[in-house]
There are 2 protein chains.
Amino acid sequence: MKEEQYLFIRYLKSKGLKLTSARETVLTAFLKSEGHLSAEDLLAAAKKIDPGLGQATVFRTLKILADAGLAQDACQDEGPRRYEHVYKHSHHDHLICVGCGKLIEFCHPEIEKAQNEIFREFGFQASGHRLELRGLCADCAGKSGKTRE
Amino acid sequence: MKEEQYLFIRYLKSKGLKLTSARETVLTAFLKSEGHLSAEDLLAAAKKIDPGLGQATVFRTLKILADAGLAQDACQDEGPRRYEHVYKHSHHDHLICVGCGKLIEFCHPEIEKAQNEIFREFGFQASGHRLELRGLCADCAGKSGKTRE
DNA sequence: AAGCTTATTGATAATGATTATCAATTTCAA
DNA sequence: TTGAAATTGATAATCATTATCAATAAGCTT
């Protein structure tokens with residue numbers, strides 16, 4: 001079994017969601033595909049496996065795939081939302097709550113890619129980077145507007 | 001007159017578009033506002049100036065503002081499209097040479113967009129960020145492999 | 001300033017993408 | 001196997017945006 005399938009199943013279980021044949025179909029279609037694809041694209045691909053698959057299911061499953069970290073919004077400026085594959089989580093950046101100090105590690109392929117573009121653009125040989133995002137977490141934002149800085 | 005207004009007028013003329021009171025109203029409302037705002041937000045703000053303003057005009061003018069380089073898509077994952085100020089609001093990040101200490105200021109919309117995704121993903125209310133890229137500049141990389149850290 | 005050409009306007013309808021609803025079906029733990 | 005609960009596909013509904021269009025306004029030209 002592909003690693004992505006394993007991760008998907010694990011994610012579903014962790015959320016108390018069920019592994020259904022429709023979800024397997026959408027995942028399979030997604031894994032077969034490349035590049036940025038819209039829900040419509042994915043529906044077309046999935047229908048080749050199961051012609052009876054419903055449109056709504058694709059939208060729903062795509063959201064799950066994104067939540068599970070297998071797909072991510074490609075963030076197009078125009079047209080329908082498009083998703084792309086996320087294969088690796090190689091790097092961690094930090095998200096810090098200025099209210100309670102909570103630290104979240106995250107990683108974002110788009111940022112990594114963009115950073116490499118910068119290095120190239122300025123003719124630099126990369127050696128490292130540090131990215132800190134600061135803001136109020138949902139809890140702190142709910143309580144008040146107080147911050148640490 | 002604000003510099004933004006001048007730029008807007010200049011852009012309109014360069015494209016053979018007319019400076020109308022409706023467009024002035026939308027621009028004024030946009031310049032007064034802060035943060036990421038949707039067409040709906042902007043319509044509400046603009047209606048305080050001119051209650052008769054039409055919704056379609058806001059969409060149309062927002063597109064012009066983006067083309068003119070005064071606004072840009074804030075690239076939200078969910079909900080309506082949101083725009084943010086660009087002119088005089090540009091964000092600078094830093095690229096530092098670990099060899100000679102040279103400091104380059106750069107700005108990369110993709111990174112900004114991705115950061116906003118992170119904030120949203122974790123339910124944070126953004127307050128700021130710091131990004132430092134470190135590497136060897138072309139000059140230093142040519143001389144030797146020596147670094148400062 | 002008046003006339004003229006053309007862009008622009010606001011209202012409305014139309015479209016496109018996504019989400020909500022719901023009865024029938026499927027999953028899965030007991 | 002059974003039954004509660006989640007999921008499904010079809011459909012309607014919603015939301016954001018764009019197209020249409022007759023009335024109006026901008027801004028040349030004279």
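Protein chains get the first letters and strands the later ones, always in sequence-line order, with residue 1 at the start of each.
Between Leu12(A) atom CG and dT27(C) atom P there is a gap of 13 Å when expressed in whole angstrom units. For Arg23(A) and dG9(D), the CZ to P distance is 10 Å, given to the nearest whole Å. We find that CG of Asp50(A) is positioned 11 Å from P of dT8(D), with the value rounded to whole Å. Here the C1' atom of nucleotide dT8(D) and the NZ atom of Lys47(A) are 14 Å apart, to the nearest Å. One atom, CG of Leu62(A), and another, C1' of dT19(C), lie 14 Å apart when rounded to the nearest Å.
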For a quick test of your reading: what N or O donor-acceptor pairs under 3.5 Å do the side chains of residues 17-28 of chain B make, sequence neighbours left out?
unit_1	atom_1	unit_2	atom_2	d
Thr20(B)	OG1	Arg23(B)	N	3.2
Arg23(B)	NH1	Lys18(B)	O	2.7
Thr25(B)	OG1	Ser21(B)	O	2.8
Thr28(B)	OG1	Glu24(B)	O	2.8

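Side-chain contact between Leu65(A) and Tyr83(A): absent, with no pair of heavy atoms (C-beta onward) separated by less than 4.5 Å. With a 4.5 Å cut-off on side-chain heavy atoms, Phe59(B) and Lys63(B) do not count as touching. Looking only at side-chain heavy atoms (C-beta outward), Tyr11(B) and Lys15(B) come within less than 4.5 Å of each other. Side-chain contact between Phe124(B) and Leu133(A) is absent, with no heavy-atom pair separated by less than 4.5 Å. When side chains are defined from C-beta on, Leu12(A) counts as touching Ile64(A), because their heavy atoms get closer than 4.5 Å.
Bending across the helix from dA1(C)-dT30(D) to dA30(C)-dT1(D), expressed as the angle between its end axes from five pairs apiece, amounts to 40° (10° rounding).
Using a 4.0 Å cut-off on heavy atoms, none of the residues of residues 24-31 of chain B approach DNA chain C.
Of the inter-residue distances, the one linking Ile9(B) atom CD1 with Glu4(B) atom CD reads 12.0 Å to the nearest 0.5 angstrom.
With sequence neighbours left out, Phe30(B) forms a ring pair (Phe, Tyr, Trp, His ring centres under 6.0 Å) with His85(B).
Closest approach of Leu53(A) to Thr57(A), counting heavy atoms only: CD1-CG2, 4.5 Å.
Among residues at least two apart or in separate chains, salt bridge (charged side-chain N to carboxylate O under 4.0 Å, His left out) pairs with a member in residues 37-57 of chain A are Asp41(A)-Arg82(A).
Taking for each of Gly16(B) and Gly54(B) the nucleotide of DNA chain C with the nearest heavy atom, the 5'-most of the two is the partner of Gly16(B).
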Whether each nucleotide of nucleotides 16-30 of chain D has a protein heavy atom under 4.0 Å at its base (B), only at its sugar-phosphate (S) or at neither (-) is summarised, 5' to 3', as SBB-B-----BS---
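Linking Ile, Leu, Val, Met, Phe, Trp and Tyr residues whenever their side-chain heavy atoms come within less than 4.5 Å places Leu62(A) and Leu7(A) in a single cluster.
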